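The structure under discussion appears below in the form of structure tokens.
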Amino acid sequence: MYTSASICSVNYQARALCPQYGSKNKHRFLVGTCSLHDSNELDVLQYSEDSNHLEVACSFSHPDQIWALEASPKDASLVVTSRQSQNSSKSLTMWKMPKQDAEDYEEDVRLSFNNERLELTEVATFNHSQKPSTVKDIKWHSSGSSLLTVDNKILSTWTIGEGKISQSNALILDEDTKSASGVPQTGPGLHVEEGCIAWDPHSAKQCAVGLGCGLRLVDTREMEVTAHHATAHDETIRSVDYNPNKPLVLITAGNDRKVKFWDSRNLSRPVKILAGHSHWVWSAKFNPHHDQLVVSGGSDNLVNLWRIASCSSAPWLGAEDNSNDPPDVKVRSMDQHEESVYKVAWSPADAWIYCSLSYDGRVIVNHVPSTEKYKILL
């Protein structure tokens, strides 16, 4: 396993990154750019373990800024983007990307090296209102048949049909605008047009929503809030994610520089708090296979890899030599980014590879150190 990072840059500024979930045998990630003055693009990046090389495998023209994107869990060719045009119109669009089979990457799909772009095929464009706000988070249900979206006040579920996407339900949420200390987090110049969401992988109709300082659990069948902590963070929550292996456990991250672990049966206080960033934490993700591992990225330009065994599904046995090896540690901190890290993601094809995106368009692939890997496996 390589120990050095692999770095690649897309052409424009970017905030949106996700794994290409349908590419089970390839390390592929999607990046959406958000340039104000140039045409934007949706890039497919592919990482090769053999050469430790990350590259833009193909690039697609995209008509507007991309504020969020989500790839289909079933079909590698489908992706949904949250768009904002130069005249500030906003919409959600599902696209089909041609040539996403594995063999295509060995043939003629690498047109980006000739400064050419492929064209996306629009499947459907949809909005939840006549005057929508920018959707800042999109999550595709693991079944592939529904979507979850959130803007600064509306949580929506969508049903996916043949060439059509229809709104199933919607819930208007009041933003929690005060921190635990009572300090308002909105006001002139402080309005928080953010929101983050996650499907519960252990409950088909349950989701978590971070909005303002508050954390909510929502039953999407009835569109009702089942649990709520109005001051889960001291400042805006930027990310929420469920433990894929241990039911009832989730993490949040926010502007208060903290990553927090929660038990959904009792949101009154976090189970654990990580304080390894010096500025806003924009993204935090559980490893989809080994839930001891968590990766986080923030505006301090850092990507932190954590081993938090105390909140995982597997007991911690410690190192083989019985040395003082606590269950919860920051494994490493990566400082290869030069601007704010907006997104982190794990590879869809390997449990030990993760990726990060900073605002300048730099994408970096890193590896879990072999020492940590063996502690988890052995």
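Nothing here was measured: the structure is a model prediction, and the numbers come from that model. Note that these values count all heavy atoms, side chains included, but never hydrogens, waters or copies made by symmetry.
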> Got a sec: does the NZ of K330 have more than 12 other heavy atoms crowding it under 6.0 Å?
Replying inline: yes
> For residues 272-283, which residue pairs qualify under salt bridge (charged side-chain N to carboxylate O under 4.0 Å, His left out), counting only residues two or more places apart or in two chains?
Replying inline: K272-D328
> Under 4.0 Å between a Lys/Arg side-chain N and an Asp/Glu carboxylate O for D256 and K258?
Replying inline: no
> Any idea how Y359 and Y342 line up, ring-wise: parallel (<30°), tilted (30 to 60°), or perpendicular (>60°)?
Replying inline: perpendicular
> Is the closest side-chain donor-acceptor distance between D360 and S358 under 3.5 Å?
Replying inline: yes
> Does any donor atom in the side chain of Q206 or T226 lie under 3.5 Å from an acceptor atom in the other side chain?
Replying inline: yes
> Who are the side chain to side chain contact (heavy atoms under 4.5 Å, CB included) partners of T125, not counting sequence neighbours?
Replying inline: R83, S91, T93, E122
> Between D64 and S85, does any side-chain donor sit less than 3.5 Å from a side-chain acceptor?
Replying inline: no
> Would you say the side-chain atoms of E339 and Q13 include a donor-acceptor pair closer than 3.5 Å?
Replying inline: no
> Can you tell me if S296 and W306 form a side-chain donor-acceptor pair at under 3.5 Å?
Replying inline: yes
> Taking the six-membered ring of W282, is the NZ or CZ of K343 close enough (under 6.0 Å from the centre) and on axis enough (within 45°)?
Replying inline: no
> Do D350 and H27 have side-chain atoms, one donor and one acceptor, less than 3.5 Å apart?
Replying inline: no
